[in-house]
Amino acid sequence: MTEIERHAVDVVVIGAGGAGLRAAIEARARGMRTAVVCKSLFGKAHTVMAEGGIAAAMGNVNPHDNWQVHFRDTMRGGKFLNNWRMAELHAREAPDRVWELETYGALFDRTKDGRISQRNFGGHEYPRLAHVGDRTGLELIRSLQQQVVSLQQADFREFGDYEAGLRVFAECTVTDLLMDGGRVAGAFGYWRESGRFVVFEAPAVVLATGGIGKSFKVTSNSWEYTGDGHALALRAGARLINMEFVQFHPTGMVWPPSVKGILVTESVRGDGGVLRDAEGRRFMFDYVPEVFKDKYADNEAEADRWYTDPDHNRRPPELLPRDEVARAINAEVKAGRGSPHGGVFLDVSSRLPAAEIIRRLPSMHHQFRELADVDITREAMEVGPTCHYVMGGVEVDPDTAGSRVPGLFAAGEVAGGMHGSNRLGGNSLSDLLVFGRRAGVGAAAYVASLGQHKPAVAARDVDEAQRRALAPFGGSPADGPPENPYTLHVELQQVMNDLVGIIRRSDEMELAVKKLDELKRRARNVAVEGHRQYNPGWHLALDLANMLAVSECVARAALERTESRGGHTRDDFPQMDPEWRRALLGCELVADPAGEVRVSRHEQPLLRPDLLALFDLAELRKYFLDDELTGHPAWRA
Ligand code: FAD
């Protein structure tokens, strides 16, 4: 085998979205030599696509807001299945992370008196999303990158080398983690352009690889989101949790077919947009669930008054959490009341003056004009659910972001727990910064604790990683016809869309598990032509194994959970079931040749009494049993 490029660092961060960059900045600031590896161009990550904003209880627009209210909203949104310590840290630390971004050079939209402006979003009690028009993610990534550059300039001044402390490896895909006796020892990958291999020797790896949306046919996610970090973690021995919870954003474009799934930001509803059926009826009033009836209006007059007088009116039902709105749209379409192309209408044109729409929602205005020939200042958009976000991910310690595998950390969308069964809009960008920073701190502390006892990369593991990566070039497989990675991908997406999609049923998911098994078997025969220089077929062949592993986790966990909660809706078990109120499903890889996913059940610890006290006892009784609430102050009263 030819000589392989090698780099020895303290921390490797896989992913250069918000979580990865914030982790890298922190690790470098703590004196760690840090590498950031990303399979797309530097700056091209989901984070850059985020539109609506970043949730942080700064109280700039409504002074009643504070971390406790944000914590409550997050727990309600996740149907109390959230890792409550993560939700607590997130709510407490998000404002500092937003202010810190301005010290890196971000500039958010302002209120009239010059403070960071905040907008309404589904499930958030007060206007809470700091934003830059509908291009917030761009500003977030731009300012994090600016901070990376300024750290590199500082390194140049000190060491004469811009990359002495922090180096970016862009368009480089990590395919394997390298281990030493159960501890992380590094990572193995390839340059996408040349196909050449590269080894990172590092005692700590932070996974920040984002989501899994490309396993589904209709998705807002772009090509990179193939669950690589989830699969790397599984193969290294980590546990994934909550994989049954996949968020279908209620509003993706439905027409024309070439753009189906592209996101229509929730800011449209936050800024006054309403959902209507084919006859023009605002149908969301029919879908306010019992647990939310005291918070959401049941008539148009009150809902409309809320925009100007939120203290004396209940919120419009269009701003219910995403899972509720997505299910409602699905039900309307199924009942034959949908729009011509199989969605519903989202109308902002009759709610705001044209100039205001263009000022507040410039990207949406542009997106619909260019892609669908629709002027959203004059006509309604057609929208429907699209696979958007995965709540499930690597099980981590909330304070350090460490997984159960020594040296392996995870932050951002690839980590699980924070959002429970359903994420509130805007809570991802804040999650990235809060836990990205914590992962950087955790990884740096771990490396420092190792002293001289650092793990080492074994030559045979590098050979094995190389063999695995080259397998698709192997020619004719022994046990069946060669398989095309594109065909397998299309089939996988169809299976996930049709059988493990927004509404699920036992028989369909059993069929999905069978089909996934069969796809996994066929994927072993995947074969590509040509050579390693920029070969998209080869790249997809490698990604496919990851998508199959995470899809199996989603399908098996979804089959197991016999209730409906958040981003997991079952036709055959339509209610939330108290039996599952604290149950977490963990996915691990069984170390047999088939690499099958095993699902096991674990119990979420009880909420700390001071956190219980933030809720009314009556509300908690909708979710928990009496003997779990004895720590609540009203219990003794
Ligand atoms: P990402 O930003 O997804 O970055 C992942 C990184 O990992 C990329 O650099 C990628 O190249 C890299 N990577 C992946 N696999 C590998 C590999 N094998 N090797 C090397 N590198 C790899 N959330 C909000 O809070 N507010 C919003 O307004 C909002 N709007 C959104 C709009 C859209 C269209 C979408 C798709 C999402 C939106 N979200 C929003 C969700 C949010 O943007 C994402 O959840 C979040 O950005 C994920 O960030 P991350 O840092 O975890 O990963």
Side-chain angles (χ1 to χ4, degrees), residues 68 70-91 123 238-247 289-292 321 323-324 390-399 403-404 415-424 427 431 435 504 553-554 556-570 572-588 597-635:
Q68 289 93 337
H70 193 181
F71 172 78
R72 274 205 303 260
D73 290 346
T74 301
M75 294 296 293
R76 285 177 184 138
K79 306 283 188 312
F80 284 80
L81 205 66
N82 317 54
N83 177 313
W84 47 260
R85 174 66 179 156
M86 288 177 99
E88 178 195 8
L89 291 170
H90 167 259
R239 180 189 285 153
L240 306 186
I241 54 166
N242 291 350
M243 289 303 288
E244 65 275 35
F245 299 116
V246 176
Q247 182 167 83
E290 203 51 48
V291 286
F292 288 125
D323 54 329
E324 310 289 356
V390 62
M391 271 67 73
V394 183
E395 185 177 49
V396 289
D397 173 74
D399 290 76
S403 73
R404 69 179 188 180
M418 158 69 207
H419 306 284
S421 67
N422 175 50
R423 172 178 74 89
L424 294 187
N427 268 1
D431 166 2
F435 293 104
R504 300 163 173 177
C553 292
V554 174
R556 286 188 186 274
L559 185 57
E560 191 93 2
R561 184 174 280 274
T562 47
E563 66 157 357
S564 292
R565 186 182 295 262
H568 170 63
T569 305
R570 290 193 58 157
D572 43 0
F573 297 95
Q575 305 300 331
M576 245 185 336
D577 182 345
E579 164 71 10
W580 287 95
R581 72 201 176 283
R582 286 170 54 208
L584 298 176
L585 292 176
C587 295
E588 287 155 70
V597 169
R598 184 179 56 207
V599 179
S600 55
R601 190 168 160 158
H602 309 269
E603 190 150 280
Q604 180 93 284
L606 275 177
L607 266 163
R608 248 184 16 231
D610 60 309
L611 297 176
L612 274 183
L614 297 176
F615 299 89
D616 280 346
L617 193 55
E619 179 177 10
L620 290 171
R621 281 195 158 125
K622 294 176 190 166
Y623 296 95
F624 296 108
L625 302 183
D626 279 359
D627 64 357
E628 292 163 336
L629 300 174
T630 52
H632 193 281
W635 188 265

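If you're wondering where the values come from, they're calculated on a predicted model, not measured in any experiment.
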What distance separates [X] [atom1] from [Y] [atom2], expressed to the nearest 0.5 Å?
{"X": "Leu81", "Y": "Asn422", "atom1": "CG", "atom2": "CG", "answer": "11.0 Å"}
{"X": "His632", "Y": "Leu614", "atom1": "NE2", "atom2": "CG", "answer": "8.5 Å"}
{"X": "Met86", "Y": "Asp397", "atom1": "CE", "atom2": "CG", "answer": "9.0 Å"}
{"X": "Met391", "Y": "Glu244", "atom1": "CE", "atom2": "CD", "answer": "9.5 Å"}
{"X": "Cys553", "Y": "Arg239", "atom1": "SG", "atom2": "CZ", "answer": "12.5 Å"}
{"X": "Trp635", "Y": "Asp626", "atom1": "CH2", "atom2": "CG", "answer": "3.5 Å"}

Is a side-chain donor-acceptor pair under 3.5 Å present for [Y] with [X]?
{"X": "His419", "Y": "Asn427", "value": "no"}
{"X": "Asp323", "Y": "Gln247", "value": "no"}
{"X": "Thr74", "Y": "Asn82", "value": "no"}

Which atoms form the tightest heavy-atom contact between [X] and [Y], and what is the distance?
{"X": "Ala238", "Y": "Val394", "value": "CB-CG1, 4.3 Å"}
{"X": "Met75", "Y": "Ala87", "value": "SD-CB, 3.9 Å"}
{"X": "Leu584", "Y": "Asn242", "value": "CD2-OD1, 3.5 Å"}
{"X": "Ala558", "Y": "Arg504", "value": "CB-NH1, 3.5 Å"}
{"X": "Ala91", "Y": "Phe71", "value": "CB-N, 3.7 Å"}
{"X": "Pro578", "Y": "Leu625", "value": "CB-CD2, 4.5 Å"}

* To do: Run the numbers on Arg72 and Glu619 for salt bridge (Lys or Arg N to Asp or Glu O under 4.0 Å), then give the verdict.
  => CA-CA 11 Å; Arg72 274 205 303 260; Glu619 179 177 10; over 6 Å; no
ask   = Are the charged groups of Glu324 and Lys79 less than 4.0 angstrom apart, N to O?
value =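 Yes, charged N to carboxylate O under 4.0 Å.
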Note: Arg581-Glu628 ion pair, threshold 4.0 Å (strictly below)
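Yes, this pair counts.
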| message | With a 4.5 Å cut-off on side-chain heavy atoms, are Met243 and Leu585 touching? | response |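 Side-chain contact under 4.5 Å: no.
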Side-chain touch Arg561/Phe573, heavy atoms, less than 4.5 angstrom
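The answer is no; the side chains never approach within 4.5 Å.
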With His568, which residues qualify under ring pair (Phe, Tyr, Trp, His ring centres under 6.0 Å), at least two apart?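 Partners of His568 by the ring pair (Phe, Tyr, Trp, His ring centres under 6.0 Å) criterion come out as none, since no residue qualifies.
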- Task: Please name all residues satisfying ring pair (Phe, Tyr, Trp, His ring centres under 6.0 Å) with Phe615, sequence neighbours left out, ordered by chain then number.
- Result: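 Phe80.
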State which residues pass side chain to side chain contact (heavy atoms under 4.5 Å, CB included) with Glu579; sequence neighbours excluded, sorted by chain then number.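 Partners of Glu579 by the side chain to side chain contact (heavy atoms under 4.5 Å, CB included) criterion, ordered by chain and then number, come out as Asp577, Arg601.
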(request) Just jot down the salt bridge (charged side-chain N to carboxylate O under 4.0 Å, His left out) partners of Arg423, sequence neighbours excluded, or say none. (result)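 Salt bridge (charged side-chain N to carboxylate O under 4.0 Å, His left out) list for Arg423, sorted by chain: empty.
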**Item:** Counterpart residues, side chain to side chain donor-acceptor pair (under 3.5 Å), relative to Arg85 (two or more places apart)
**Value:**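 Once residues adjacent in sequence are excluded, the partners of Arg85 under the side chain to side chain donor-acceptor pair (under 3.5 Å) criterion are Glu88, Asp399.
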Notebook entry, point to check: With sequence neighbours excluded, what pairs up with Gln68 under the side chain to side chain donor-acceptor pair (under 3.5 Å) test?
Noted result: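 Gln68 satisfies side chain to side chain donor-acceptor pair (under 3.5 Å) with no residue once adjacent residues are dropped.
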